[in-house]
Amino acid sequence: MRLRVITALVGTILLATIPVVAHSGDEQISPPPAGFDTPRTGVDVGKLELVEYESKTVGMKRKARVYTPPQYSADKKYPVLYLLHGIGGDENEWARNGVPNVILDNLLADKKLVPMIVVLPNGRAAKDVTPRDPIPKQSPAFAAFEQDLLQDLIPFVEKTYPVKADRSSRALAGLSMGGGQSLNIGLSHLDQFAWIGGFSSAPNTRPASKLIENPVEAARQLKLLYISCGDKDGLFRISQDVHTMLDEKKVPHRYNVVPGAGHDFQMWKADLYHFAQLLFHE
Ligand code: FER
C-alpha cells in the first residue's frame, strides 16, 4: 500500500510540475480488451514465486520474483523476460499492482503468447537504500543494477531454470526508472538482449544522443524496441526524445503514445499486454 501511495505521489507530482507537449504516436495500438487483467475461470495459471540469489555486485543475497507459465516443465526450454519496476517499488511492485501473472495467463489461454519465464527483480542494487529514500540516493543503486543483472541475476536464472540462454531468447523491459534501466542497459548490451522495452521511461534514461552507439548495428541486432508513454505523463518528453533520435538514426521501433494516459499501472499493465505478445517470435 505504501509503495502504491509513493508511485501515485510521484505520478501526481510529475503531472503537476512538468508541462506536456501534445503529440501522437506513429501508430495506434488498441487498448487491451476488457478483462485482460482479471482472473478468468477455466484458465490454467502459472506460478509467481519468490527466489533469492547471491549478488557479488552488492555483496548479499537479493530477492526476485519469478513467473513460470502453466504446464511449466524442466523438459522444455523457455525464453526469459526481465521486467523492472519504478522508483517506489521492488521485486513485489509488478506483482502487487500489475497482476503480470494474470495478464500472461490470459494471453497464454488465448494463444497470444509464446510461453516464457518472467523475472521481476529488485532493481535497486544496494544494501541500504529503500523506496523511501530521496531520488538522488536511489539513482546510483538503480545504475548499479546493471552489473547485478549481468553478472549475478542472469547467471542465477540460467543455472536454476530451464531457459534458452541466448540474446534472441532474452528480453528486458521496465516501467519508469525500470524503463530507463532497460534502455540504458539493453541498448548498450545488444549482445545480451534482442527485445527491449521502455515504458514511461524516467530521467535516469541516458540522454537520447548517448543511447545508441552504432545505429546500423542496433537496427540489425534488435528484434524489438518498444517505447511507450502516456501523453499526460510528466515524463513524456523523455520518450519523445528517444523516439525522435531513433527516427533520425533510422533504428526501427514501436512507439506507443497513449492519449490521456498518465504515469500509472493502468498504462503499464497495457504495456505488458502489448509488449509480451510481440516477444520471442522467430
Ligand atoms: C525524476 C522523476 C521521476 C527521476 C526519477 C523518477 C531519476 C522516477 C519515477 C518512477 O520510477 O516512477 O526526476 O530522476
Side-chain angles (χ1 to χ4, degrees), residues 1-21 63-65 82-100 119-126 128-149 172-188 196-211 226-242 256-258 260-272 275:
M1 201 58 221
R2 188 191 263 167
L3 293 182
R4 191 186 289 237
V5 170
I6 291 172
T7 303
L9 262 176
V10 169
T12 310
I13 292 165
L14 295 172
L15 270 175
T17 54
I18 307 172
V20 178
V21 182
K63 293 187 170 74
R65 285 197 175 266
Y82 294 84
L83 185 61
L84 311 180
H85 61 80
I87 193 98
D90 58 18
E91 71 277 4
N92 296 312
E93 186 181 51
W94 270 101
R96 195 174 280 138
N97 304 323
V99 288
V119 179
L120 308 164
N122 176 348
R124 194 182 292 95
D128 56 356
V129 182
T130 77
R132 268 82 61 197
D133 283 313
I135 290 173
K137 183 161 180 208
Q138 290 206 50
S139 290
F142 277 88
F145 179 68
E146 174 164 342
Q147 287 313 305
D148 183 274
L149 174 67
L172 180 61
L175 69 90
S176 201
M177 283 299 268
Q181 288 175 310
S182 298
L183 299 180
N184 294 347
I185 301 171
L187 293 172
S188 61
I196 298 171
F199 311 161
S200 320
S201 299
N204 63 327
T205 307
R206 275 189 202 126
S209 62
K210 302 243 161 70
L211 272 176
Y226 174 101
I227 306 292
S228 75
C229 201
D231 71 357
K232 295 288 178 285
D233 187 325
L235 302 181
F236 184 32
R237 229 356 237 288
I238 294 165
S239 296
Q240 282 182 301
D241 285 353
V242 173
N256 184 26
V257 174
V258 179
H263 199 73
D264 58 42
F265 262 96
Q266 195 187 331
M267 178 71 193
W268 303 322
K269 287 195 285 190
D271 279 322
L272 177 60
F275 182 75

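Numbering of ligands and ligand atoms starts at 1, following listing order.
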Any H263 heavy atom less than 4.0 Å from ligand 1: yes

Nearest-0.5 Å distance, OG of residue S201 to CD1 of residue I227: 6.0 Å

CG-CD distance between L83 and E91, expressed to the nearest 0.5 angstrom: 13.0 Å

Reported CG-to-NE2 distance for the pair D233 and H263, which is rounded to 0.5 angstrom: 5.5 Å

Distance filter under 4.0 Å to S176 heavy atoms, resulting ligand 1 atoms: 8 (C), 9 (C), 10 (C), 11 (O), 12 (O)

Under 4.0 Å to a heavy atom of G86 - the qualifying atoms of ligand 1, by number: 11 (O)

Crowding at NZ, K137 (>12 non-hydrogen neighbours, <6.0 Å): yes

I135 N/O to ligand 1 N/O under 3.5 Å: no

